[in-house]
There are 2 protein chains.
Amino acid sequence: MRLSTKGRYAVTAMLDLALNGADGPVTLAEISENQGISLSYLEQLFASLRAKELVRGVRGPGGGYYLGRNADDISIANIICAVDEWVEFTRCGGRKNCSGGERCLTHSLWDDLSSEIFDFLTKISLGDLIRRGEHKKADKAAHLSVVDDEGSRAA
Amino acid sequence: MRLSTKGRYAVTAMLDLALNGADGPVTLAEISENQGISLSYLEQLFASLRAKELVRGVRGPGGGYYLGRNADDISIANIICAVDEWVEFTRCGGRKNCSGGERCLTHSLWDDLSSEIFDFLTKISLGDLIRRGEHKKADKAAHLSVVDDEGSRAA
DNA sequence: CTTATTACCAAGTAAATTAGTAGGAAATGT
DNA sequence: ACATTTCCTACTAATTTACTTGGTAATAAG
């Protein structure tokens, strides 16, 4: 698993799409405007997303992008994998010191952790995120005294 | 949060340290050999780790590195944060379209997710990982017919 | 059927990050 | 004294990120 700014851009853009795509397709120009990402970079990202069928493009005036499937059926891992295509890394391919088995333990441990992070992100869908956002909004509307302390440890 | 190859190197090196550091300090030369990371790059990584007191260096012959504290008190997030120092990103600083509040929702959602990933990695310590590895090893020793299918979806 | 709008495509580039080199100085055990 | 090792700085090659430019293809609307 790999979590870079590129993946972050992709997730953010997909969120934008999920939030604003209810009534008609969303143009990359809009997303570019909303999220402050250059149009051409978005085009690149969406080429990858489209290849994995996470989005569907409609050309011509009034066109734009739809989600490729239901927001509940698109996981964060799906999105990140689409744009970030990770390197295979250290199945200890040919590395001399790993033959003994003992030395390979740390690599194995990293792989395990890595899978776990992957599973974690697989279980979170775009739909989940949006519903959480709605709850939060509702909470705020209910009692306005909520302290907005998020971002103090943004990650 | 940010999960790059740099963080991966750091975690792997720390695992190596935790596994082999029981009887005396471990030299960077050894880790370099074991993990296939250049010595100087390790030096850079360990400078960051030392700054956060995750490791403790001992100079001179027979020297090397110890963990800065107990393996159970070092989380994966600790390690990654030490070397990867993420960019603050999009507290929508000055971004024009975010003032309305509505537009900012996607950023807020990303921040939430990001915090969640951070929390997840905070709850996993070096000690946890190692104990899991030991269990696995024990399982394998017990019944050797275990299929090694990890890595098929390395992440 | 022309035109504006949009996705789609490809090549190139600037900036940032990653990973490694080189050449040391400062401790410290033998 | 000497070898070993951390520690430190500066430089560089390679890779990735983000953007730029300049298009082509589809299509809705006039």
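Convention: sequence-line order gives letters A, B, ...; per-chain numbering from 1.
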Can you identify which nucleotide, out of dG20(C), dT17(C), dA18(D), has its nearest atom closest to the Lys6(A) side chain?
dA18(D)
Between the side chains of Thr122(A) and Asp119(A), is a donor N or O closer than 3.5 angstrom to an acceptor N or O?
no
Greater than 12 external heavy atoms within 6.0 Å of Glu43(B)'s CD:
yes
Tell me whether the rings of Phe46(A) and Tyr65(A) are parallel (<30°), tilted (30 to 60°) or perpendicular (>60°).
tilted
For Tyr66(A), enumerate each residue passing the ring pair (Phe, Tyr, Trp, His ring centres under 6.0 Å) test, keeping only those at least two apart in sequence or located in another chain.
none
With a 4.0 Å cut-off on heavy atoms, is Thr27(A) in touch with a base, just the backbone sugar-phosphate, or nothing at all?
sugar-phosphate
Between Glu43(A) and Tyr65(B), the residue closer to the 5' end of DNA chain D by nearest nucleotide is Tyr65(B)
Residue whose closest nucleotide on DNA chain C lies nearer the 5' end, Tyr41(B) versus Gly62(A)
Gly62(A)
Do any N or O atoms from the side chain of Glu30(A) and from the backbone of Thr27(A) form a donor-acceptor pair under 3.5 angstrom?
yes
Arg59(A) vs Gly63(B), nearer the 5' end of DNA chain D by closest nucleotide
Gly63(B)
For Leu39(B), answer base if it contacts any base atom (sugar-phosphate contacts may also be present), sugar-phosphate if it contacts only those atoms, and nothing otherwise; contact means non-hydrogen atoms under 4.0 Å.
nothing
Give the intermediate values and the outcome of side chain to side chain donor-acceptor pair (under 3.5 Å) for residues Asn78(A) and Ser75(A).
CA-CA 5 Å; Asn78(A) 285 154; Ser75(A) 73; 3.2 Å; yes
Can you list, in residue-number order, the parts of residues 44-58 of chain B that come under 4.0 Å of DNA chain C, counting heavy atoms only?
Gln44(B)
